[in-house]
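Just below is one structure, and these are the notes that go with it.
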Amino acid sequence: MKETVVSGIRPTGKLHLGNYFGAVTNFVKMQYDYNCYFFIADLHSLTTHPTPGDLHGYVKHVLVEYLACGINPEETTIYVQSDVPEVSELYLYLNMNAYLGELERSASFKDKIRSHPENVNAGLLTYPTLMAADILIHRATKVPVGKDQEQHLEMTRTFGNRFNRLYNADYFPESFAFNYSENLVKVPGLEGKGKMSKSDGDGNCIYLADSPEVIRKKVARAVSDSGPTEENQTKPEAIQNLFDLMKIVSTADTIEHFDNLYNKMQIRYGDLKKQLAEDMIIFNTPIRQRIEELSKDETYLRQVAKHGALKARESAQKTIREVRNLIGFKSF
């Protein structure tokens, strides 16, 4: 039996190179080795109150980009969270045994109430129990998460073990953080520091759906400096970031060429940026074209979503039947 992997993404915007190399490439690889459930977390997104039109558009965009990147609906289960009502039912049961104090201690909840004090809703408070429901509904043991989500995963283990103790059953397995690749690729942004992130604005990101013209403009504006002041000097962060981006999309010969120019104090950042932009365009074009094709194929997208929902619900319904029996719900 293959181990079960669960991962979700909130439909909050387009995927960028950081998402692709930091997560999606691993999803594409692991779908052949594990029993994978990849879902679009539209229920989670309700904490920020998207409009109905925006929400559907965002969900569609994530579905299209997952498929365009190579996630195969025949090899894995791709589904929309709200298409599996059993998740909401398990969320309710877990909330009955989650305590106010432990929910309030969640680091992400503290961050949210500090940054958005006008929108402290119950969904934010119980975010960890909904995340736990997403994982436990398929009884997953592996969850690809970043450092910022490890506390939520610890809470998932707490809620699962608490259920097991309360109902005297060894039912929910423990789930742990999982990185498929030992060497995770960290993609820098264009603003000169830190990783590529939407929170720093569109100018910091190269999106998979960006046109060649947009990519050229963004890379041309990328932060650089006035150039090296001595041979073979250590590159400052902003310049190292440009070379790190080049390592992702350019050939070894190209990187070596510009590295030698830098070390000899002969570098022209305009030339480096033009080369970087063209290499990004070459990399992005097949994915962008696939995104454009899939976006027009409403019939296929509907089939993928329905097929994924059926597969996800088959797993989820089995869990809910067994959970209801353990709790003591009996039909007359």
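Just so we're clear, the structure is a prediction, and the values are computed from it rather than from any experiment.
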Any side-chain donor-acceptor pair under 3.5 Å between [X] and [Y]?
X: T51; Y: D54; result: yes
X: N284; Y: Y207; result: no
X: Y37; Y: S7; result: no
X: E3; Y: N35; result: no
X: E174; Y: N161; result: yes
X: D134; Y: H44; result: yes
X: T229; Y: Q233; result: yes
X: N325; Y: K330; result: yes
X: D279; Y: Q275; result: yes
X: H61; Y: E65; result: yes

**Prompt:** Should the pair Y79 and H138 be assigned to parallel (<30°), tilted (30 to 60°) or perpendicular (>60°) ring geometry?
**Reply:** perpendicular
So do [Y] and [X] actually touch side chain to side chain, heavy atoms under 4.5 Å?
X: F109; Y: L125; result: yes
X: F27; Y: Y66; result: yes
X: I137; Y: S315; result: no
X: I320; Y: E89; result: yes
X: L67; Y: N72; result: no
X: P228; Y: K235; result: no

**Asked** Cluster question for you: counting only ILVMFWY and a side-chain heavy-atom cut-off of under 4.5 Å, with indirect links fine, are F163 and L100 together?
**Response** yes
**Request:** Assess K142 against F176: is NZ or CZ under 6.0 Å from the centre of the six-membered ring, and within 45 degrees of the ring's axis?
**Result:** no
**Prompt:** Does E191 offer a backbone N or O that forms a donor-acceptor pair with the side chain of N204 under 3.5 Å?
**Reply:** yes
**Asked** Of L245, N241, V223, which meets side chain to side chain contact (heavy atoms under 4.5 Å, CB included) against L190?
**Response** L245
**Request:** Have a look at D271 and tell me which of K274, K273, R268 forms a side-chain hydrogen bond (donor to acceptor under 3.5 Å, both in side chains) with it.
**Result:** R268
[atom1] of [X]: more than 12 outside heavy atoms within 6.0 angstrom?
X: K112; atom1: NZ; result: no
X: K2; atom1: NZ; result: yes
X: E314; atom1: CD; result: no
X: H56; atom1: NE2; result: no

**Request:** List the steps and the verdict of salt bridge (charged side-chain N to carboxylate O under 4.0 Å, His left out) for E86 and R313.
**Result:** CA-CA 7 Å; E86 291 79 12; R313 289 201 71 186; 2.6 Å; yes
Aromatic ring centroids of [X] and [Y] under 6.0 Å?
X: F172; Y: F159; value: no
X: Y171; Y: Y167; value: no
X: Y93; Y: F329; value: yes

**Request:** Show your working on side-chain contact (heavy atoms from CB on, under 4.5 Å) between E322 and K318 and close with a plain yes or no.
**Result:** CA-CA 6 Å; E322 292 169 351; K318 179 177 184 296; 2.8 Å; yes
**Message:** Between Y20 and F283, is the ring-ring contact (aromatic ring centres under 6.0 Å, His included) condition met? List the steps.
**Reply:** CA-CA 12 Å; Y20 181 80; F283 172 82; 5.5 Å; yes
